[in-house]
Amino acid sequence: MIRRRDYLLLTTQKLALRKKRAVFAIISVALGVIVVVTANSLLEGVRDVAVKTIWTEEIDPDLIRVYAGENPYELLPPEEGPKQKAKKRIEYLSEAVFDEIRGWPGVEAADRPVVVQPVSVNGFDKRPRGVSEFQGVPEPMLLRYIADRALVTANSNAIPLVVGERNVRLRFDEERGKLESDPGGEKAWLGREVMILLGDNYARITRFQYDYNKREFKPLSEDEVVSQHDTMERNFRVQYDTVVFNTTLTLKGRIVGFCPGNKVLIPLETAELCEKWINQRNRLASRNPARETSEVIYGERGRRTPKTGEYTEGAVLVKKGANIEAIAKRIEEMGFSVVTRARMFEDQARAFDSSMRIVKKVAFAFGGLILGLACGLVWSTTSKTVSDSRTDIGLFRALGATKREIRRLFLGEAMLQGVLGTVVGMVLGWGLALAISHWVIGFARRSIYEPEEALLIPNSIFSMNLRFCLLLIGGAALVSLLAGLLPANRAANVDPVKALKRE
Amino acid sequence: MIHLENISVEYRLKSERVQALRNLNLHVREGSFEAIMGPSGSGKTTLIQLIAGLLTPTAGEVIVSGENLSRLGDEKISSFRNRTIGFVFQFFNLPNYYTAVDNAALPLVFAGVDERTRRLRARTLLAEFGLQDRLDHKPDQLSGGEAQRVAIARALINNPKIILADEPTGNLDRDTGGHVMELLQKINRERGVTVLMVTHDEKAAGFAQRIIRIEKGELV
Ligand SMILES: Nc1ncnc2c1ncn2[C@@H]1O[C@H](COP(=O)(O)OP(=O)(O)O)[C@@H](O)[C@H]1O
Ligand SMILES: [Mg+2]
């Protein structure tokens, strides 16, 4: 009965005698494992990043987006030339509809979102940046992103902004001029002042003055505008354009929280004000007509222009624990289109996952191929060891080793190569994956300009699946065991009489 | 102790048949020291291998220490070899990757003895054989006589009842061979171990209590 410890000792001794070969076999096993482990530990992370950055349309799990008739995002823009006839009458959302929905159990809020475009926000970076849209939402929805409720209701003219992702703490890196997520930081991001520019970025002429008492902007007098206009003309003679009449409204805001998607959420009231100001400005600008702009999303989609009190979009916020899909279905039955996270995002995630599975399969097949070759190498190494050890085997048998013990000895050797290779490969694979992760993240950070998008990039796309690793080691042990079976049997059947003969 | 009854061993080589042993009867008493002599190819090694259970006879029965060897399975016969038999070879057969201590302790590995005990017993025995300064030497750093003493220590380490030595002095000069023979005789006398030794050397055979002569597979 050989002790377990001695098995290990004997096998390592045998392997040590054939270092080059053993190292070769171990490296080849490791190579296959590297491919598999690297793929496995990166793919999860890649999915995570893709989920976070590609689908900026991502919505909260308890929010239902409601669209009048059809989902306007699925409509093609109206074509030029011959008039297109709409085939479907569109049901518009109205206060009455929202009122009905508000009355349902499980509904926390239902309202139209006021969408203001274009918007740029200054303060995330040195330069103003475009944000996809500026969205006024019902207060309960806004409050979910806000750690300090007082910020929304505070007696201040600042507009609370909800940007990016929830529960991310920020720090503004002055040197790099970028927002950094800083998990250790105290709520440093709260109360950070930002500048919001409504309207065109080129327009720098101040046309409005803020009336603090009435809490609204008042247009400057004609003379003041003209003098500014003249100054501008002198300063920016080359750049001068009628576009300057597309005035910019500068507002102050502060970041109060983060929500999914590339959206700036603001209180409904504030959004309505912005909408009003933009309309005002448009009317002013039209005195010196510039190219037409379509800043408000209404009316953009075909012939269908809603009347006053009719809306194309709505947002319904569901209470915690309520059945969101049931409510969505009920809204659908009223004749509106709905989008929920489960319907949009999770479907896409599933599609992404299935394509990931293909990538995984390819990587695994490739790794498997290398492992197959490695298996052959383990087999040949063990084979060679057996032929080289015939005399020793004969001696061991003469000294009392059983056939079974000899077989186990060589099986152990094959297994040792497999497991050692797997462990080495795993460690190297993790190292490689970490390096790739580091590089990819660095690349992404450098190439993304939207600061709020950069926030969504995780610090690492590396993940370690312990169960998978154990499975891999177990699999490698099994496969190398199979590779060692034939040589080990040959070893067990060595005739000691012949092996010990020396003449 | 050792009973060979009507033993025949036949090797088959393609078409040829080689009769290595022919109707051989041999009885060896416990505690005796016997030498087997005979010309090359007369079947001496075959005889030793039979007694060790490394070979099964074509006909006849081998009974060693009360065990009918042809009736034992691999596990039992391996254990029998490990406990009852000690081997000494002409060419030592000491793996070069083991030190003298590890070589001497090798049978104890297969007996399942732990490393500490193994080493301790090997050291004691080697010291008894005058090798206390060679414990950690590799076989190729030892002289022929020293190597054979390590081999004898290995044969003796598991307290066997029988030592089978196949030309133990065949690879040694006269004087060294004499020392090895004295060692075997001492083991036989002091420990009561049965020693069965194949040799070509009349002087070596002189140490034995009885000389068995064999020719063409038959006792003469
Ligand atoms: N494995 C074998 N196959 C065929 N013939 C063998 C084998 N082993 C030994 N012999 C033959 O059996 C005879 C006895 O051999 P052996 O016992 O080795 O003789 P000794 O040890 O006395 O020199 C010889 O003729 C030898 O050629
Ligand atoms: Mg011989």
Side-chain angles (χ1 to χ4, degrees), chain A residues 1-22 381 384-413 416 488-503, chain B residues 9 11 20 40-41 45-46 48-50 52-56 72-98 102-118 151 154-155 157-158 160 164 166-167 170-171:
Chain A
M1 270 303 117
I2 304 182
R3 290 174 163 241
R4 205 165 291 159
R5 229 185 120 231
D6 289 325
Y7 271 120
L8 198 68
L9 219 74
L10 287 168
T11 39
T12 39
Q13 274 165 353
K14 286 244 169 290
L15 265 191
L17 289 179
R18 261 150 292 269
K19 275 190 199 96
K20 259 193 205 155
R21 232 167 206 286
T381 308
K384 185 87 172 77
T385 317
V386 171
S387 349
D388 289 357
S389 313
R390 286 180 60 85
T391 318
D392 287 350
I393 295 167
L395 177 69
F396 283 13
R397 297 276 286 128
L399 298 183
T402 63
K403 283 186 175 196
R404 232 172 87 202
E405 285 167 340
I406 298 289
R407 185 180 297 117
R408 269 186 72 175
L409 216 56
F410 286 93
L411 280 181
E413 192 193 304
L416 196 71
N489 261 337
R490 213 150 52 75
N493 289 325
V494 162
D495 181 1
V497 170
K498 283 182 191 165
L500 285 170
K501 191 156 276 174
R502 243 209 263 180
E503 264 147 323
Chain B
V9 173
Y11 289 110
S40 194
T45 300
T46 306
I48 292 276
Q49 285 165 345
L50 268 177
L54 290 168
L55 202 69
T56 18
L72 298 182
D74 184 61
E75 300 274 338
K76 286 235 170 94
I77 201 121
S78 298
S79 160
F80 157 81
R81 273 202 290 272
N82 186 251
R83 289 176 199 194
T84 315
I85 306 285
F87 269 108
V88 179
F89 305 93
Q90 180 182 353
F91 297 101
F92 320 136
N93 262 323
L94 301 169
N96 213 21
Y97 44 88
Y98 287 136
D102 287 337
N103 258 301
L106 198 52
L108 296 179
V109 171
F110 307 119
V113 176
D114 70 272
E115 197 176 343
R116 264 179 63 104
T117 317
R118 250 160 39 204
R154 180 177 67 192
I157 194 91
N158 208 14
L164 299 174
D166 197 351
E167 305 190 31
N171 216 29

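In what follows, chains are A, B, ... by sequence order, proteins preceding strands, each numbered from 1.
Minimum interatomic distance between A398(A) and L54(B) (heavy atoms only, all atoms of both residues): CA-CD2, 4.3 Å. Taking every heavy atom of both residues into account, S78(B) and A401(A) meet most closely at OG-O, 3.5 Å.
Your options are G400(A), P496(A), A16(A), and the one with the most heavy-atom pairs under 4.5 Å with chain B is G400(A).
You'll find the side chain of D392(A) reaches within 4.5 Å of the side chain of Y97(B), heavy atoms only. No side-chain heavy atom of E75(B) sits less than 4.5 Å from a side-chain heavy atom of K403(A).
Distance check, rounded to the nearest 0.5 Å: CZ of R81(B) to OG1 of T402(A) gives 10.0 Å. Atoms CZ and CZ, on F110(B) and R397(A) in that order, are 10.5 Å from each other to the nearest 0.5 Å. Note that CZ of F87(B) is 9.5 Å distant from CG of L395(A), once rounded to the nearest 0.5 Å.
The backbone N or O of V109(B) sits nowhere less than 3.5 Å from a side-chain atom of R3(A) that would complete a donor-acceptor pair. With hydrogens and angles disregarded, a donor-acceptor distance shorter than 3.5 Å links the side chain of N82(B) to the backbone of L399(A).
Residue D166(B): no heavy atom, backbone or side chain, is found under 4.5 Å from chain A. With a threshold of 4.5 angstrom between heavy atoms, R5(A) approaches chain B through side-chain atoms but not through N, CA, C or O. For chain A, no part of F80(B) is nearby; none of its heavy atoms comes within less than 4.5 Å. Neither the backbone nor the side chain of A52(B) comes within contact range of chain A; no heavy atoms are under 4.5 Å apart. With a 4.5 Å cut-off on non-hydrogen atoms, I2(A) touches chain B through its backbone and its side chain both. For chain A, the nearby part of R154(B) is the side chain; its heavy atoms alone come within less than 4.5 Å.
Open room surrounds CZ on R83(B); 12 or fewer heavy atoms of other groups in view lie less than 6.0 Å from it. Within 6.0 Å of the CZ atom in R118(B), the count of heavy atoms belonging to other residues, nucleotides or ligands exceeds 12.
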